[in-house]
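Here is the structure we will look at, set down as structure tokens.
These figures come from a predicted structure and were not determined experimentally.
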Number of protein chains: 2
Amino acid sequence: MNKNLDPLLLSQSRLSIIGLLYKSNELEFVQIKDTLKLTAGNLSTQIQKLKKADFLEIEKKFKGNYPQTICRITPKGIIAFEDFITNMNQFTNSFSFIIPANTDTKQNRL
Amino acid sequence: MNKNLDPLLLSQSRLSIIGLLYKSNELEFVQIKDTLKLTAGNLSTQIQKLKKADFLEIEKKFKGNYPQTICRITPKGIIAFEDFITNMNQFTNSFSFIIPANTDTKQNRL
DNA sequence: TAAATTAGTTTGTAATTTAAACTAAATTAA
DNA sequence: TTAATTTAGTTTAAATTACAAACTAATTTA
């Protein structure tokens, strides 16, 4: 089978989390939770999985008196996300005989 | 969260199965199994799930003396797959500031 | 006629998902 | 001032999913 889609990112919640961080580099736990409308429990587990894969790092600070959890995407996370996008585009483009194609050739990795 | 990706298709195996059928309309169980290198057990369960969602229909015949299971994509399956592709393209294109964009506008549904 | 092959289905375990329950501190209201 | 509520998370537990292994059942080959 086509095993090129990282199963860790083949998940609505984790794909969205990494996608958000891909754009913003780092975000607060609460920002992610609110933006994606995830429960805190779910987000907590998902970022732990992403951390375990070294796709993001978690920094615990304080914002005023409250604890604050910052998530930051790692170089490995960036590459994994770009690979996912590239592979998914490749897949969707293989149906361009009916669904208009993606012009993506090879991504520019920064 | 971005709840527009049908979780039934957000699976490597089921996405590939429906993708194959999207191209070929109907295929034998064994053809799908061999093409995607799935185990028979896994394929059996996955097509049952897809059937339950009315994304494909299963016809049981005989080919010579051996049983033959034909899988055929349904109109509902076609729409679901096209929607998945469209939504995934929309997602990936929202990262085109770095990853080249997909030109897909609105798909032509046949 | 025994062994191997074909074509699947069912089962059992492991992993995943996610809401609910919980911890722990801070803040607000009575 | 102390009780209730809010903030910010983590842990748990139940439900769902994934998938290989084991199984059924017939056919073909040696």
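For the pair Leu36(B) CG and dC19(D) C1', the computed distance is 15 Å after rounding to whole Å. In this structure, the CG atom of Leu38(A) is 12 Å from the C1' atom of dT17(C), given to the nearest Å. Computed from coordinates, the Lys37(A) NZ to dT17(C) P distance equals 21 Å when rounded to whole Å. For Gln46(B) and dT9(C), the CD to C1' distance is 14 Å, given to the nearest whole Å. Taking atom CZ of Phe62(B) as the reference point, atom C1' of dA7(C) lies 10 Å away to the nearest angstrom. Whole-Å rounding puts the Ile17(A) CD1 to dT16(C) C1' distance at 14 Å. Rounded to whole Å, the distance from CG on Leu8(B) to C1' on dT16(C) is 16 Å. For the pair Gln12(B) CD and dA20(D) C1', the computed distance is 17 Å after rounding to whole Å.
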Please step through side chain to side chain contact (heavy atoms under 4.5 Å, CB included) for the pair Ile70(B) and Phe29(B), ending with a clear verdict. CA-CA 6 Å; Ile70(B) 302 283; Phe29(B) 183 96; over 6 Å; no
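Side-chain N/O atoms of Asn65(B) include none lying less than 4.0 angstrom from OP1 or OP2 on dT6(C). Residue Thr39(B) places at least one side-chain N or O closer than 4.0 Å to OP1 or OP2 of dA20(D).
Remark: Asp6(B) CG to Leu10(B) CG distance equals 8.5 Å, nearest 0.5 Å.
Note: Phe81(A) and Tyr22(A) have tilted aromatic rings, judged against thresholds of 30 and 60 degrees for the angle between ring planes.
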When every nucleotide of nucleotides 7-17 of chain D is labelled 5' to 3' by its protein contacts under 4.0 Å (heavy atoms), B for base, S for sugar-phosphate only, - for none, what sequence of letters results? BSBBB-----S
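With distances taken from any side-chain atom of Ser11(A) to the nucleotides dC19(D), dT17(C), dT27(D), the minimum falls on dT17(C).
Considering every non-hydrogen atom in both Leu9(B) and Ala80(B), the closest pair reads CD1-O, 3.6 Å.
Base-pair partner of dT9(C): dA22(D) (Watson-Crick or G-U wobble, both distances under 3.5 Å).
Taking a cutoff of 4.0 Å between a charged side-chain nitrogen and a carboxylate oxygen, Glu28(A) and Lys63(A) qualify as a salt bridge.
Checking Thr86(B) against Glu82(B) by side-chain atom types alone, no donor-acceptor pair falls below 3.5 Å.
Both tests hold for Lys23(A) against Phe95(B): distance to the six-membered ring centre under 6.0 Å, angle to the ring axis within 45°.
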